[in-house]
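Read the structure below first, then the notes.
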There are 2 protein chains.
Amino acid sequence: MSADEPRWLNDEERESWLALVSMLIRLSAALDTQLQRDAGISHFEYQVLSGLSMSPERTLRMSELALFADGSLSRLSHVIKRLEKRGWVYRTPDPADGRYTLAVLTDAGWEKVVATAPGHVAEVRRLLFDPLTKAQQRQLREIGHRVNSAIGPDEACPNQQS
Amino acid sequence: MSADEPRWLNDEERESWLALVSMLIRLSAALDTQLQRDAGISHFEYQVLSGLSMSPERTLRMSELALFADGSLSRLSHVIKRLEKRGWVYRTPDPADGRYTLAVLTDAGWEKVVATAPGHVAEVRRLLFDPLTKAQQRQLREIGHRVNSAIGPDEACPNQQS
DNA sequence: AGGAGACGCTTGAACCGTCAAGCGACAACA
DNA sequence: TGTTGTCGCTTGACGGTTCAAGCGTCTCCT
């Protein structure tokens with residue numbers, strides 16, 4: 001920690017940063033834990049299923065789904081293979097363009113989302129919204145948008161290969 | 001997404017939530033990417049090294065270090081083994097109580113932190129603080145504290161075994 | 001039509017984290 | 001001083017993610 005770097009963090013920023021990093025890690029872990037315990041799926045798997053459930057025809061291209069779920073295409077491919085084995089999803093080539101693969105939520109997959117969502121939402125509410133004031137919730141939304149656009153469209157998403 | 005669950009999310013909350021989850025994942029990934037690219041270490045490894053560098057004698061018990069770095073003891077043990085092989089850290093039993101293991105930062109480890117920190121701090125600043133107003137930085141710190149205490153001392157940290 | 005290249009996705013290997021079992025060191029009690 | 005229990009940590013196997021290479025499909029250009 002040598003001195004006089006051009007733009008060092010001051011104490012306030014440092015504290016914000018440590019608090020945020022800790023929140024980042026522990027909130028992720030807490031959401032994962034709840035889903036794993038109550039539904040036997042990871043947070044990423046939940047995002048995949050929930051993303052499909054909100055889409056028209058319960059269908060999305062793999063690449064769109066990867067973007068929505070903030071994961072790499074490779075990771076999504078492995079995960080969809082597992083979800084397929086569990087009977088919640090199936091894949092089919094896009095009739096409009098054979099390069100695309102469509103992921104489709106089955107009825108069983110829909111049921112899974114319906115059964116899982118309330119508990120998950122309750123946990124999000126308990127850990128994230130209940131402790132905050134209305135004003136903080138508004139600020140948080142704005143902060144999220146600003147940081148997300150600072151990160152850039154895809155800077156952090158290792159979605160493009162090599 | 002069936003209706004009238006007791007405490008469903010409204011549109012504003014929903015948007016806050018999606019923004020935050022996305023920020024959560026992408027910010028973690030962005031910080032990891034920067035460190036991996038510029039220093040060849042993971043964010044967790046950085047937290048470990050940086051935690052030691054800020055401690056008296058550059059020394060910390062494994063369990064304290066795990067708490068600081070928000071990771072399990074098992075994970076820390078594996079990571080320290082790797083950092084030991086790279087010559088940045090060594091372990092020694094606590095002379096005061098043989099059950100504890102002390103992790104100590106070597107000179108090479110200190111150099112590594114000094115070389116790595118400025119770039120990392122710059123990235124944190126670029127992605128997290130620069131896009132926010134002073135007021136939002138203050139809010140973020142407060143939000144972090146509130147959410148962290150909602151998660152509880154260790155609810156999300158799988159630091160205790162079995 | 002045919003070839004080159006771009007695109008979307010998949011695959012297998014290597015790596016990392018988690019989980020459960022187990023080890024040595026210490027404390028409490030007989 | 002044993003014995004029992006707890007504590008802090010380590011270990012190996014397992015499961016998931018990443019990385020790089022490769023496949024099939026489509027587009028563009030001649």
Side-chain angles (χ1 to χ4, degrees), chain A residues 25-26 28-30 32-33 35-37 40-48 60-86 89-104 154 156-162, chain B residues 25 28-30 32-33 35-37 40-48 59-86 89-104 154 156-162:
Chain A
I25 296 171
R26 300 178 66 211
S28 299
D32 250 337
T33 298
L35 283 168
Q36 201 68 56
R37 172 169 42 80
I41 60 178
S42 69
H43 186 236
F44 184 71
E45 290 172 321
Y46 178 78
Q47 288 208 102
V48 167
L60 232 38
R61 291 176 174 173
M62 291 292 283
S63 38
E64 292 171 324
L65 189 51
L67 209 64
F68 173 87
D70 291 312
S72 72
L73 203 43
S74 168
R75 180 182 187 184
L76 180 63
S77 182
H78 287 296
V79 165
I80 289 283
K81 197 191 299 177
R82 277 174 248 144
L83 296 179
E84 224 168 6
K85 270 181 201 154
R86 300 225 239 172
V89 154
Y90 65 91
R91 278 178 287 193
T92 183
D94 188 336
D97 183 337
R99 283 173 301 184
Y100 291 94
T101 300
L102 299 178
V104 186
D154 284 309
C157 289
N159 282 358
Q160 53 275 18
Q161 306 256 85
S162 91
Chain B
I25 298 171
S28 299
D32 249 337
T33 299
L35 283 168
Q36 201 67 56
R37 171 170 42 83
I41 60 177
S42 68
H43 186 237
F44 184 72
E45 289 171 323
Y46 178 77
Q47 289 207 101
V48 168
T59 297
L60 231 37
R61 292 177 173 172
M62 292 292 282
S63 39
E64 293 170 326
L65 189 50
L67 209 64
F68 173 87
D70 290 313
S72 71
L73 202 44
S74 168
R75 180 182 187 182
L76 180 63
S77 182
H78 286 297
V79 165
I80 290 283
K81 196 190 302 177
R82 276 174 246 145
L83 297 178
E84 222 168 8
K85 270 182 201 153
R86 301 224 238 172
V89 155
Y90 67 90
R91 280 179 285 192
T92 183
D94 187 337
D97 183 337
R99 286 173 298 185
Y100 292 93
T101 300
L102 299 178
V104 186
D154 283 309
C157 288
N159 281 1
Q160 52 275 19
Q161 306 257 84
S162 91

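Numbers restart at 1 for each chain; the letters A, B, ... are given by sequence-line order, proteins then strands.
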May I ask you to verify if any side-chain N or O of B:Lys81 is less than 4.0 angstrom from the OP1 or OP2 atom of D:dT11? yes

Across the strands shown, which category fits B:Ser77 at heavy-atom distances under 4.0 angstrom: base, sugar-phosphate, nothing? base

Is a side-chain N or O of B:Ser77 found less than 3.5 angstrom from the main chain of B:Leu73, in a donor-acceptor match? no

So, taking the atom named CZ in B:Arg86 and the one named CZ in B:Arg82, what distance separates them when rounded to the nearest 0.5 Å? 9.0 Å

Length of the line joining A:Asp70:CG and D:dT17:P, which is rounded to integer Å: 14 Å

From A:Leu67 CG over to A:Ser72 OG, what is the distance, rounded to the nearest 0.5 angstrom? 12.0 Å

base_contact_polar (C:dC19 base, B:Ser74 side chain, donor-acceptor, <3.5 Å): yes

Using the side-chain heavy atoms of A:Arg82, tell me which of these nucleotides is nearest: C:dT18, D:dT17, C:dT10. D:dT17

Without decimals, in angstroms, what is the distance between B:Leu76 CG and C:dC19 C1'? 16 Å

For the atom pair OH (B:Tyr100) and CD (B:Glu64), what is the distance rounded to the nearest 0.5 Å? 8.0 Å

Under 3.5 Å, which donor-acceptor pairs do the side chains of residues 91-98 of chain B form with other protein atoms, sequence neighbours left out?
from, atom 1, to, atom 2, distance (Å)
B:Arg91, NE, B:Glu84, OE1, 3.3
B:Arg91, NH2, B:Glu84, OE1, 3.0
B:Asp94, OD1, B:Ala96, N, 2.8
B:Asp94, OD2, B:Arg61, NE, 3.3
B:Asp94, OD2, B:Arg61, NH2, 3.2
B:Asp97, OD1, B:Arg99, N, 3.0
B:Asp97, OD1, B:Arg99, NE, 3.3
B:Asp97, OD2, B:Arg99, NH2, 3.0

From CZ of B:Arg86 over to C1' of C:dC15, roughly how many Å is that when rounded to an integer? 13 Å

By nearest atom, which of the nucleotides D:dT17, D:dC9, C:dA20 is closest to the A:Val79 side chain? D:dT17

Starting from C1' on D:dA13, measure out to NE2 on B:His78 and report it in whole angstrom. 10 Å

With A:Ser42 via side-chain hydrogen bond (donor to acceptor under 3.5 Å, both in side chains) - residues at least two apart: A:Glu45

B:Gln36 CD to C:dC15 P, straight-line distance once rounded to whole Å: 13 Å

I need the CG-P distance between B:Leu73 and C:dC23, as an integer number of Å. 18 Å

What nucleotide among D:dC9, C:dT10, D:dT17 has an atom nearest to a side-chain atom of B:Arg61? D:dC9

Could you check which of D:dT17, D:dG8, C:dT11 has an atom nearest any side-chain atom of A:Arg75? D:dT17

D:dT18 OP1/OP2 closer than 4.0 Å to side-chain N/O of A:Ser72: yes

Could you give the CE-to-P distance, from A:Met62 to D:dT25, as a whole number of Å? 17 Å

Taking CG from A:Asp32 and P from C:dC19, how many angstroms apart are they, rounded to a whole number? 10 Å

Gap between atom CG of B:Leu65 and atom CG of B:Leu76 - 0.5 Å precision: 5.0 Å

Kindly give the atom pairs (protein nitrogen or oxygen, nucleotide nitrogen or oxygen) under 3.5 Å for nucleotides 25-27 of chain C.
from, atom 1, to, atom 2, distance (Å)
C:dA25, O3', B:Gly98, N, 3.4
C:dC26, OP1, B:Gly98, N, 2.8

OP1 or OP2 of D:dC7 sitting under 4.0 Å from any side-chain N/O of B:Ser63? no

Would you tell me if any nitrogen or oxygen in the side chain of A:Ser42 comes within less than 4.0 Å of OP1 or OP2 on D:dG16? no

Output all residues satisfying side-chain contact (heavy atoms from CB on, under 4.5 Å) with B:Ala69, sequence neighbours left out; order by chain, then residue number. B:Phe44, B:Gln47, B:Val48

